[in-house]
Visitor: 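Take this structure first; my questions come after.
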Amino acid sequence: MIPRLHGPRAGARDSDMGGAYSPKELREKWQAYWEKNETFRAPNPGEPDFDPSRPKAYILDFFPYPSGAGLHVGHPEGYTATDIIARYRRMRGFNVLHTMGWDAFGLPAEQHAIETGRHPAVTTERNIATFRRQLKALGFSYDWRREFATTDAAYYKWTQWIFLQIFNSWYDDEHRKARPIGELPIPPEIAARGEKAVGAYVDSRRLAYLAEVPVNWCPALGTVLANEEVTSEGRSERGDHPVYKRPLKQWMLRITQYADRLAEDLDELDWPESVKLMQRNWIGRSEGAQVRFAIDGHPDALEIYTTRPDTLYGATYMVVAPEHPLVRKITTADHRAAVEQYCAAATQRSELARTAEAKEKTGVFTGAYAVNPVWPEGDARARIPVWVADYVLMSYGTGAIMAVPGGDTRDYEFAKVMNLPIVDVVYPEGVDPKGSLDDREAQIILRLAAKPVAREFLAPAMKAGRLFDLIGTAFVDDGRAANSPPADVKSADVCHLNGLPVFEAKRKITAWLEERGAGRAAVNYKLRDWLFSRQRYWGEPIPILHGPDGALVPLEESELPLTLPEMDDFRPTMRDEGDSSMPEPPLGRARDWATVTRGGKSYKRELNTMPQWAGSCWYYLRFCDPWNDKRFVSAEAERYWMVSLRKDGRPHTGGVDLYMGGAEHAVLHLLYARFWHKVLYDLGYVSTPEPFGKLFNQGMIRAFAYKDARGVNHGYDEIEFRDDGTAVLRETGEVLSAAVEKMSKSLKNVINPDDVVAEYGADALRLYEMFMGPLDASKPWNPRDVPGVFRFLQRTWRLIVNEDTGGLSSFVAVGADPVDPLERALHKTIQKVTLDIERMAFNTAISAMMEFVNEAYRVKSIRKDQAERFVIVLSPFAPHLCEELWQRLRGAAWTGSVSKEPWPAWDEKLVVDDEVEIPVQVNGKVVARMMIAKDADEPTVKSAALALPKISERIGDAAIQKTIYVPGRMLNLVVRS
RNA sequence: GCCGAAGUGGCGGAAUUGGCAGACGCGACGGAUUCAAAAUCCGUUUCCCGCAAGGGAGUGAGGGUUCGAGUCCCUCCUUCGGCACCA
């Protein structure tokens, strides 16, 4: 509900067309016209009206998920922006691909279906119909012929097909690309072991593989979840249910193979830096070393990964994750009970729950000792205890660490709790650990210190190697190695790091380790392989059969699509919290469907379905050629719509020319889609290494939420606004507190675009969304501001149309002075709007058009050709109004939609004024203003300025020391005061 | 805790390369029109002092660079977003 403030006339005058501005009638009239004439049809290469001489622009919105709640005003923000760009590009002579479709599989639809007892196919269809109706009401120029949903069998046939391409590929590290599985070289020792061994080897190298992995099992949702779908509190993002770690056999996609390329190729993309950074952080590449520690009196060695091999001399203990396979082997008898108890407790909870709870570090000693390879043979300091602690994660690196409490805050905290020794191995740059401290060194240390420290304590503490005591934590910054090794180590057979800066010490020790076979340089990523199966009904079935012998048999392409079985009961098997029995996917209940007999053998279908991300991983490719039943996209259409050239003539790395959506998909969707795209690229199915060349994140639209004294939220229908702007509860008159919040049902602050369209029209909604502020900023929706842009549309209407007669207004003149003042204003407006659209600054483009209309009212006259050019530049923003004005202005000469008109040009000579007003400053302060010729030279301007009484008064007899003149902008006279 | 973005009138925001702070819109105030109101049209509107002419202050706070800083640098505060034992 939009509070009706002053009851605009739009609603009242909807019926009497003729002369009044009637958004509703214009909307119906022109939307029918566009549909009938296929105005926004984008012909593909090969279609008769395709014009290959035009450049292409692929302008795409994030695939919406058609929720049951329908659109809210946040959706059309990005859609309006891309629509303006799409319309503008067409008028600039581009072939524009601008499309819309539905990401319709997934958990929310299924949850909703379960709650209402209706089949998800039914509710999905209904939700799509609502979204389509709401979007069409806003007059977006999509080529609706290309619309599809991920739930269409004709679409997910190809989603399954792409899955099979991934399944049938392996990653060739040498050539850094995916290759067909048939080209995988089989090592002779595997081949020697027979067909079964070869099969297992091949399966283990596929980019889609089955693995027994600890997964996030959510009993309440009856499914496993990807790490990304679990909150930092260890609960499900959807529904906030508890999540547990369970080892389960699951489909995984080997996205980690692409970690480096996914990170590197970001450099080439025109994306917001913040998104690139988030992706880089998510991929989390780190360089370090893998080091082998022998276990004292034990054949096994402990492999650890560290980014700080330079601190090896500071390792005073080791930690292994509770799930580490060596734990059972190395734990000594007298520690067994405590260790087993600790590990059992840790594995019960998910990793995420574990980390969330852990305020204080916990752990137990295994009784075993490791041997640090950097110390000389027989040095007692080499022998360090091995602990088990849950602050070390099995899933990162090797699941084991060397603990350097002097150089790592986590190790420091643990060492403090467990009373383990701590030594300094790095000192701040500029501090010499051996000498007596001078003032400069003391300064550096005191700046680091947590608490004030008396000067005389510094030197002794440093000598004793207790820098950490002074600063109250580990020293983690850059600096130089110290005590590495300590002075008393005399052996020649050690690696000397003392005095080296961190980066050099790392290099030296890594080489040293490598020489002795004790370690090697290593790279690690935070990114994990993508958990790809869900125990759910409403998703794409995975097209794989399981043979009686465990063999994995992909379906043939001719067997696709593998459609979902019709089921009455599609609910997941939900479990109680403590229930640890295996989840059973709903598809298992479709007995006839689940079993296939082939060549006398009985095969079981894969019962898991794909996650929601699958369908949105490649939809942008399908839009290029959505009718194709032979291929996921024709090579010709893919090449035409996806390949653009840069200014320097090289092909762009990414195909979509503008990809618009919210920042909430900054990592997951965009990373997954990039991964699929790269696999398709490696296999030769697409022409660009990246899917999206330019990305833009629109900001979130938030709204005021009103709370009463008890903290209860009230919707706009219960509220009245006083003249001073405060909101009061209509029933009681209680003053409500207002705060800008995310729109949500519970806060009762959701604005429905239908209401805005009904009251002010689609053009006003579009215009307001663009006028609110910069597209990428988060902005509050203010219902009071909507009438402002509505008034502008009305003023524009009345400037051109006589409200009484419906003919052209008396302002519209034919034939006048060719360069009248309004002509200059129009050229400035065209320039401003053009440049602003190019940089997606729609708010300032609109204010420029408002200024033009104000100017036209001021001079009370506008030439017909001026009105026509103005209508063209306004038309991408307010298409319904402008179609009508265009038709009325053209009269008998009208030939069709304004959207087919070429974009008007501006004359550079007319956008700069001959005379300009500039400020005159004295010592940088503005003292006076004056008019000058725009190209006047400095002496002229200066003498004119000195003639101004205010200036001469201010300067008096002081001498002018310096004159700064910025031509046409300002003059600054510097005098000694 | 770490990383990132942002703080400008009563409100949304503008200032594109270091060069007139507050464009445009909302709200408010005044006027015209009207029997009256709505709507419309025309003005005023950063704050403080002043009847006025005029003067002073001013872009989260403090410091710096510069003839000149909303814009660049340093320190801090606040808000929003992301990550969160990743060794």
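Convention: sequence-line order gives letters A, B, ...; per-chain numbering from 1.
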Visitor: Look through every strand shown and name the nucleotide pairing with G27(B) as Watson-Crick or G-U wobble, where both distances are under 3.5 Å.
Guide: U45(B)
Visitor: Taking any strand in view, what nucleotide pairs with G1(B) in a Watson-Crick or G-U wobble way, both distances under 3.5 Å?
Guide: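 Pairing partner: C83(B).
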Visitor: Syn or anti for G9(B), taking syn as within 90° of 0?
Guide: syn
Visitor: Using the test salt bridge (Lys or Arg N to Asp or Glu O under 4.0 Å), find all partners of R969(A) that sit at least two apart in sequence or belong to another chain.
Guide: none
Visitor: Are any of S286(A)'s side-chain N or O atoms less than 4.0 Å away from OP1 or OP2 of A87(B)?
Guide: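 Yes, because at least one side-chain N or O of S286(A) sits under 4.0 Å from OP1 or OP2 of A87(B).
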Visitor: Any donor-acceptor pair under 3.5 Å linking the side-chain atoms of R795(A) with those of N854(A)?
Guide: yes
Visitor: We want to know whether S286(A) and Y396(A) form a side-chain donor-acceptor pair, criterion being a heavy-atom distance below 3.5 angstrom.
Guide: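 A pair is found: one side chain offers a donor N or O, the other an acceptor, under 3.5 Å apart.
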Visitor: Across the strands shown, which category fits T963(A) at heavy-atom distances under 4.0 angstrom: base, sugar-phosphate, nothing?
Guide: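 If one applies the 4.0 Å heavy-atom cut-off, T963(A) turns out to touch nothing in the nucleic acid.
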Visitor: What's the closest nucleotide to the R784(A) side chain, out of A87(B), C83(B), C26(B)?
Guide: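 Side chain of R784(A) sits closest to C26(B).
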Visitor: Please tabulate the protein-to-nucleotide N/O contacts below 3.5 Å involving nucleotides 19-21 of chain B, giving atom names and distances.
Guide:
{"from": "C20(B)", "atom 1": "O2", "to": "R929(A)", "atom 2": "NH1", "distance (Å)": "2.3"}
{"from": "C20(B)", "atom 1": "N4", "to": "E917(A)", "atom 2": "O", "distance (Å)": "3.2"}

Visitor: What does nucleotides 2-16 of chain B look like as a protein-contact string, B for base, S for sugar-phosphate only, - for none, at under 4.0 angstrom between heavy atoms?
Guide: -SS-------BSSSB
Visitor: Identify the pairs formed between an N or O of the protein and an N or O of nucleotides 42-44 of chain B at a distance under 3.5 Å, and give each distance.
Guide:
none

Visitor: Just jot down the ring pair (Phe, Tyr, Trp, His ring centres under 6.0 Å) partners of F414(A), sequence neighbours excluded, or say none.
Guide: Y317(A), W387(A), Y391(A)
Visitor: Expressed in whole Å, how much space separates the C1' atoms belonging to A87(B) and A6(B)?
Guide: 33 Å
Visitor: Both distances below 3.5 Å, Watson-Crick or wobble geometry, any strand: find the nucleotide opposite A32(B).
Guide: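 Base-paired to U40(B).
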Visitor: Which value, in whole Å, describes the distance between the P atoms of nucleotides U8(B) and G56(B)?
Guide: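 That atom pair is separated by 27 Å.
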Visitor: Do T796(A) and Y21(A) get their side chains close enough for a donor-acceptor pair, meaning under 3.5 Å?
Guide: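 T796(A) vs Y21(A): no donor-acceptor pair found between side chains.
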Visitor: Counting only Watson-Crick or G-U wobble pairs whose two distances fall under 3.5 Å, which nucleotide matches U66(B)?
Guide: none
Visitor: Determine which pairs satisfy salt bridge (Lys or Arg N to Asp or Glu O under 4.0 Å) with at least one residue from residues 763-775 of chain A, sequence neighbours left out, and list them in order.
Guide: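 For residues 763-775 of chain A, and leaving out neighbouring residues, the salt bridge (Lys or Arg N to Asp or Glu O under 4.0 Å) pairs sorted by first residue read D83(A)-R766(A).
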Visitor: So, are E855(A) and R858(A) salt-bridged, with charged N and O less than 4.0 Å apart?
Guide: yes
Visitor: Check every atom of C83(B), U40(B), A23(B) against the side chain of R791(A) and return the nucleotide holding the closest atom.
Guide: U40(B)
Visitor: Under a 3.5 Å cut-off for both contacts, is G7(B) paired Watson-Crick or G-U wobble with anything, and if yes, with which nucleotide?
Guide: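 Pair assignment: G7(B) / C77(B).
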